> 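Okay, handing you the structure first.
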There are 2 protein chains.
Amino acid sequence: MTGKIPVKQPVKQNARERILDVSEKLFANGSFASVSVRSVTAAAGVNLSAVNYYFGSKQGLFQAVYIRRATLMNHERLRLLYETAEKARAEGRDVSLRELIGAMLTPPIFWLCEEKPGFSLYIRFLARAYLEEASDMDHVLRQEVDVFDKFLPYFRKIKPGLSEKDIYWRIHFMMGVMHHTINHLHRISLLSHKSCKSETAAQTRDRLVDFCCDGF
Amino acid sequence: MTGKIPVKQPVKQNARERILDVSEKLFANGSFASVSVRSVTAAAGVNLSAVNYYFGSKQGLFQAVYIRRATLMNHERLRLLYETAEKARAEGRDVSLRELIGAMLTPPIFWLCEEKPGFSLYIRFLARAYLEEASDMDHVLRQEVDVFDKFLPYFRKIKPGLSEKDIYWRIHFMMGVMHHTINHLHRISLLSHKSCKSETAAQTRDRLVDFCCDGF
DNA sequence: TACTGTTTAAAACATACGTTTAGAATGACA
DNA sequence: TGTCATTCTAAACGTATGTTTTAAACAGTA
């Protein structure tokens with residue numbers, strides 16, 4: 001009503017960034033093919049051609065959504081790993097299995113449960129992206145593999161009885177538990193006939209880490 | 001060249017069945033939206049309108065693919081459960097955790113590894129179907145939930161210390177390991193830098209059961 | 001102001017999609 | 001044989017898709 005305050009469009013960030021945010025959300029809930037460029041641009045409030053302008057193609061957009069956060073998550077994993085290793089060293093002991101697995105699982109689970117706003121969508125997006133062959137996701141996995149390789153020596157030290165092959169299989173299984181938990185978190189209530197109410201991020205993480213620790 | 005033997009179209013089963021087979025394969029490798037009716041009918045060698053003729057719609061086809069095998073798999077799970085329970089009773093002991101989990105995981109894993117030809121595709125299809133919201137898969141899960149409820153008393157007896165909630169969470173995690181293993185079996189070689197060659201169905205099942213047993 | 005590169009806008013393009021329709025072929029049975 | 005329901009075929013319909021094109025609006029700079 002004052003009619004004079006220079007609003008300066010406070011919400012409207014970069015159009016490019018807005019497209020990424022919206023795509024992240026839509027791709028988290030639907031497959032690559034089921035999300036149309038038009039639905040993205042409409043939800044982002046930009047022109048249809050903006051996607052091709054900024055990302056070249058729909059495919060380019062999909063990969064851009066991935067790239068924006070992947071490196072950050074894997075850095076966070078390594079940060080936790082080295083922080084934990086340093087602490088253990090200071091205390092003159094080995095890193096525990098629990099700490100190792102926690103370092104792998106905490107970033108995605110915490111992000112999922114909205115400790116970092118907006119990132120939870122990325123986690124769901126990521127789990128879905130694994131199934132999209134159209135998006136050429138092998139180099140995506142490669143980045144995760146590199147991170148896991150950094151974890152490997154610690155696992156070997158804790159579990160000298162296991163072969164490298166055994167360890168890889170178990171890491172594989174761990175990722176399975178995690179991705180499934182992320183993708184189907186809402187289904188635990190269906191499975192349990194509504195008796196399992198939603199829990200906090202830390203509780204979920206602990207359940208997950210417990211299960212994976214024992215599995216290892 | 002004899003030109004007289006009545007060939008009787010030996011390969012060409014029901015067109016309906018052929019469509020289901022082809023759809024199973026295509027939906028196993030791609031999302032609902034990414035698989036076109038035309039690609040299905042072309043691969044099945046039938047007319048375009050056959051899908052709508054037999055199944056009403058693309059959606060109807062998708063659900064038909066699911067229904068064709070779902071009941072069979074869950075029956076097989078229950079059969080293993082009761083068979084195992086009977087054997088244990090005869091031996092005057094409780095069912096072991098290993099047997100319980102084996103009964104849940106053996107049918108899908110064995111089918112995956114082609115012990116029953118053709119069914120492996122269904123397993124991959126199933127894991128993917130969980131992600132398709134378009135296909136209204138809640139009543140699908142409901143059927144699995146009913147099966148798991150049959151398992152619940154046995155779990156409670158073995159693990160009296162666990163709450164019902166704990167058990168549901170662990171079943172949830174188990175399904176996660178299984179689905180991930182099914183969907184990304186080929187990726188274990190990438191993860192392990194090719195050191196993990198493919199194993200037999202029994203070996204894979206054993207690894208999986210081991211991991212889940214310890215997690216429980 | 002005039003020039004420049006960047007960003008947004010509207011429209012059109014060519015293709016692919018799921019579905020429908022009208023009719024031909026088929027096979028079983030009278 | 002003729003009749004009838006079932007199965008298959010070809011063509012078309014209307015719509016939605018990813019992408020391209022052309023030009024206008026904008027912001028910074030000399």
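Chain identifiers are assigned alphabetically (A, B, ...) following the order of the sequence lines, protein sequences preceding nucleic acid strands; residue numbering begins at 1 within each chain. Worth saying up front: this structure is predicted, and the values here are computed from it rather than measured.
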> What is the ring orientation for A/Phe125 with A/Phe27, classed by angle as parallel under 30°, tilted 30 to 60°, or perpendicular over 60°?
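Rings of A/Phe125 and A/Phe27: tilted, as their planes differ by 30° to 60°.
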> By ring-ring contact (aromatic ring centres under 6.0 Å, His included), which residues pair with A/Phe151, not counting sequence neighbours?
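Not a single residue meets the ring-ring contact (aromatic ring centres under 6.0 Å, His included) criterion with A/Phe151.
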> Please identify each residue that fulfils salt bridge (charged side-chain N to carboxylate O under 4.0 Å, His left out) with A/Glu99, with sequence neighbours left out.
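With sequence neighbours excluded, A/Glu99 shows a salt bridge (charged side-chain N to carboxylate O under 4.0 Å, His left out) to A/Arg93, given in chain and number order.
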> So if I take the C1' atoms of five pairs at each end of the helix from C/dT1-D/dA30 to C/dA30-D/dT1 and get each local axis, what angle do the two axes make, rounded to 10 degrees?
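Computed angle between terminal axes is 10°.
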> Going by the rule salt bridge (charged side-chain N to carboxylate O under 4.0 Å, His left out), which residues pair with B/Arg77 if we only count those two or more places apart in sequence or in a different chain?
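Per chain and number, B/Arg77 pairs via salt bridge (charged side-chain N to carboxylate O under 4.0 Å, His left out) with B/Glu144.
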> With respect to the side chain of B/Asn52, which nucleotide from C/dT20, D/dT19, C/dT8 is positioned closest?
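So the nucleotide nearest the side chain must be C/dT20.
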> Hey, can you pull the residues of residues 35-49 of chain B with a non-hydrogen atom under 4.0 angstrom from DNA chain C?
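Within this stretch, B/Val35, B/Ser36, B/Val37, B/Arg38, B/Leu48, B/Ser49 sit under 4.0 Å of the strand.
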> Quick one: list whatever passes side-chain hydrogen bond (donor to acceptor under 3.5 Å, both in side chains) with A/Thr71, sequence neighbours left out.
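Once residues adjacent in sequence are excluded, A/Thr71 has no partner under the side-chain hydrogen bond (donor to acceptor under 3.5 Å, both in side chains) criterion.
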> Between side-chain atoms of residues 36-48 of chain A and protein atoms elsewhere (two or more places apart, or another chain), which donor-acceptor pairs fall under 3.5 Å?
from    : atom 1 : to      : atom 2 : distance (Å)
A/Ser36 : OG     : A/Ser39 : N      : 3.0
A/Ser36 : OG     : A/Ser39 : OG     : 3.4
A/Ser39 : OG     : A/Ser36 : N      : 3.4
A/Ser39 : OG     : A/Ser36 : O      : 2.7
A/Thr41 : OG1    : A/Val37 : O      : 3.2
A/Thr41 : OG1    : A/Arg38 : O      : 3.1
A/Asn47 : OD1    : A/Ser49 : N      : 3.1
A/Asn47 : OD1    : A/Ser49 : OG     : 2.7

> Quickly, which of A/Arg124, A/Arg128, A/Arg69 forms a salt bridge (Lys or Arg N to Asp or Glu O under 4.0 Å) with A/Glu24? Name it, please.
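Passing option: A/Arg69.
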> So, using side-chain hydrogen bond (donor to acceptor under 3.5 Å, both in side chains) as the criterion, who are the partners of B/Asp210 when residues are at least two apart?
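Per chain and number, B/Asp210 pairs via side-chain hydrogen bond (donor to acceptor under 3.5 Å, both in side chains) with B/Arg98.
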> How many Å lie between CZ on A/Arg18 and C1' on C/dT8, as a whole number?
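Rounding to the nearest Å, CZ of A/Arg18 and C1' of C/dT8 are 11 Å apart.
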> Between B/Tyr53 and D/dT7, is there a side-chain N or O to OP1/OP2 distance below 4.0 Å?
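Checking D/dT7 against B/Tyr53, a side-chain N or O does come within under 4.0 Å of OP1 or OP2.
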> Applying side-chain hydrogen bond (donor to acceptor under 3.5 Å, both in side chains), can you list everything that pairs with B/Arg205, at least two apart in sequence or on another chain?
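Partners of B/Arg205 under the side-chain hydrogen bond (donor to acceptor under 3.5 Å, both in side chains) test: B/Thr106.
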> Tell me: CD of A/Glu17 to P of C/dT7, nearest whole Å?
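From A/Glu17 CD to C/dT7 P: 13 Å.
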> Expressed as a whole number of angstroms, how long is the span from A/Arg16:CZ to C/dT6:P?
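Atom CZ in A/Arg16 sits about 15 Å away from atom P in C/dT6.
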> When the distance from NZ of A/Lys58 to P of D/dA16 is rounded to whole Å, what number comes out?
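After rounding, the gap between these two atoms is 15 Å.
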> Starting from P on D/dA27, measure out to CG on A/Asn14 and report it in whole angstrom.
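The distance from CG of A/Asn14 to P of D/dA27 comes to 14 Å, rounded to the nearest Å.
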> Output the rounded distance in Å from CG (A/Leu61) to C1' (D/dT17).
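Between C1' of D/dT17 and CG of A/Leu61: 15 Å.
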